[in-house]
Amino acid sequence: MKKYKIKLHMLTVYAIIFLFSIGCTKDFDKMNIPPGVLSVENLDAGLLGQAFAAAQYRGIMGDGSDMQQAQNLFSDLYVQYFATSVPWFNSDQYLHMGDWAGYAWRAFYANAAPQLHFVEKYTAENGMPVENALTKIWKVMIYHRMTDQWGPIIYAEFGNAQTSVAYDSQESIYADFFKLLDEATAVLSDNTGANGFGSNDLLYAGSVDKWLIFANSLRLRLALRIAYADPARAKQEAEKAVAAGVMQTVSDNANVLTTDLSRHPHEKISAWGEYRMSATMESFLTGYEDPRLPVYFSQAVASLEYKGLRNGVEIDDRTGINDDYSTIGPKFLSVSQGGSNPDIKVMGAAEVYFLRAEGALRGWNMGGAAEALYNEGIRQSLLAETAVSENEILNYINSNNVPAAIQDKWNTPAAADIPVKYDPAADFEKQLEQIITQKWIAIFPDGWEAWSELRRTGYPARYPIIRSLDPEVPVTAIIRRIPFVPMEYQNNAAAVQVAISLLGEGKDGRLVKLWWDAKP
């Protein structure tokens, strides 16, 4: 079979591969790889590194349009990083928009998944163990985000060239995640100092040593994710991760490199002017006098103050209010507006310290006490996001400041009463709330991960939305999952029905809890 020998910039190859896909079959919307597409036989190995880079960028929805419909319209609003200030986004009032979710599903299964599948298969069949190990780690990274949105997803059977593709249960998918991480870290441990994919790797430029730390840190994230569903396995995996070595400083942080051809997604989204800081963010950040406030958000045009909007406001209350509320921070704006196109945050040392703090709170061996790990999580976040001094960091860590009341038409009270300063004498839930609240602040703007933690733990505290347009979803509810998408009901209906049976309540609802969402 003919090979395509094409020399491309590493971040434009996804467009070519996608064109190969849709040009070969009218059935590609069935979200699986048809015969002859993206196999190791019909793509030149010269595209391998570029395909991996594209799977990294598109796998975390790096494109602004992908990210808007995969995250901004759902998890960013559910976890109240943002509220919407325009009348056409009713997902902020809990009205589910299946077509928007369908776009996110398509963006993953038509762009990132085929490329990663190709790289995984090629490296396995052509004696490239290091590259194959990196591919497995990235597979865990991007697929865990998908299952954390939907629950059962297409996973093990992706790429089988069938028109009907089975879904896997979330429990089985998580079990495979730990298996893949075992396989990958074993290979990388035997190849320290080596390099895989070189400059085509957008995280660490191919550094095996850095990837090994990332893999262990990712294992720790997934271990805490299942803490209520499978406590024994969670403890085992968390202690294994910390013993093997996890992120400790900002230099270990995993960020997807951006370039002129691969912009930060918020740069594109911010130019549309559709989102504002939420009132919940205002309450916490202003009350805490948080140094990250001017980094995360811009001052409102009208008042030159940091103002947050309540989620779920009535449509009439959104008209003409954009200048009254804060937009996203200056660095995320378009270059023409003075933005800096920052790299895309994937995971960092700050999050890892908060994960370890929670593990220590649970009595696991995390290499330190919960309070010390919590404080270091704050410190690493401030170092990564601000230019504050060590004294300023210590002042923040030891602050008794609490969230502030909001001066708005609703006379909104403070979102919570917890201070920054850790209270080791408090009960388990109060300490957990402190840890998750500071994690929520630290991982901004990753609403995808923050929403998972909100569902798992119930924290941070959020305001009830002003109005819900879904009679089955009250204003105080936490949305638990995204329903399966319309195109799958149309093209893969039998598999979807089986997937629904895998959910705990046997129905495709937004208040149905996922497998790991098992807190009593």
- prompt: Under 4.0 Å between a Lys/Arg side-chain N and an Asp/Glu carboxylate O for Lys519 and Glu429?
  reply: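 Judged by the 4.0 Å cut-off on N to carboxylate O distance, Lys519 and Glu429 do form a salt bridge.
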
query: Is Asp182 salt-bridged to Arg219, cutoff N-O under 4.0 Å?
result: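 A salt bridge is present here (some side-chain N lies under 4.0 Å from a carboxylate O).
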
query: Given Trp451 and Ile479, is the side chain to side chain contact (heavy atoms under 4.5 Å, CB included) satisfied, shown in steps?
result: CA-CA 9 Å; Trp451 181 40; Ile479 301 294; 4.0 Å; yes

Does NZ or CZ of [X] fall inside the cone over [Y]'s six-membered ring, less than 6.0 Å from its centre and within 45° of the axis?
X: Arg481; Y: Phe484; answer: yes
X: Arg292; Y: Tyr306; answer: no
X: Arg310; Y: Tyr463; answer: yes

Please tell me whether [X] and [Y] form a close aromatic pair, meaning their ring centres lie under 6.0 Å apart.
X: Tyr167; Y: Tyr155; value: no
X: His266; Y: Tyr275; value: no
X: Phe108; Y: Trp150; value: no

Name the atoms and distances for all side-chain donor-acceptor pairs under 3.5 Å in residues 294-302, with sequence neighbours left out.
unit_1 : atom_1 : unit_2 : atom_2 : d
Tyr296 : OH     : Ile441 : O      : 2.8
Ser298 : OG     : Ile328 : O      : 2.8
Gln299 : NE2    : Leu304 : O      : 3.2

query: Mind checking what makes ring-ring contact (aromatic ring centres under 6.0 Å, His included) contact with Trp440, not counting sequence neighbours?
result: Tyr81, Phe284

Greater than 12 external heavy atoms within 6.0 Å of Glu390's CD: yes

message: Ring-plane angle category for Phe214 and Trp211, please: parallel below 30°, perpendicular beyond 60°, tilted otherwise.
response: perpendicular

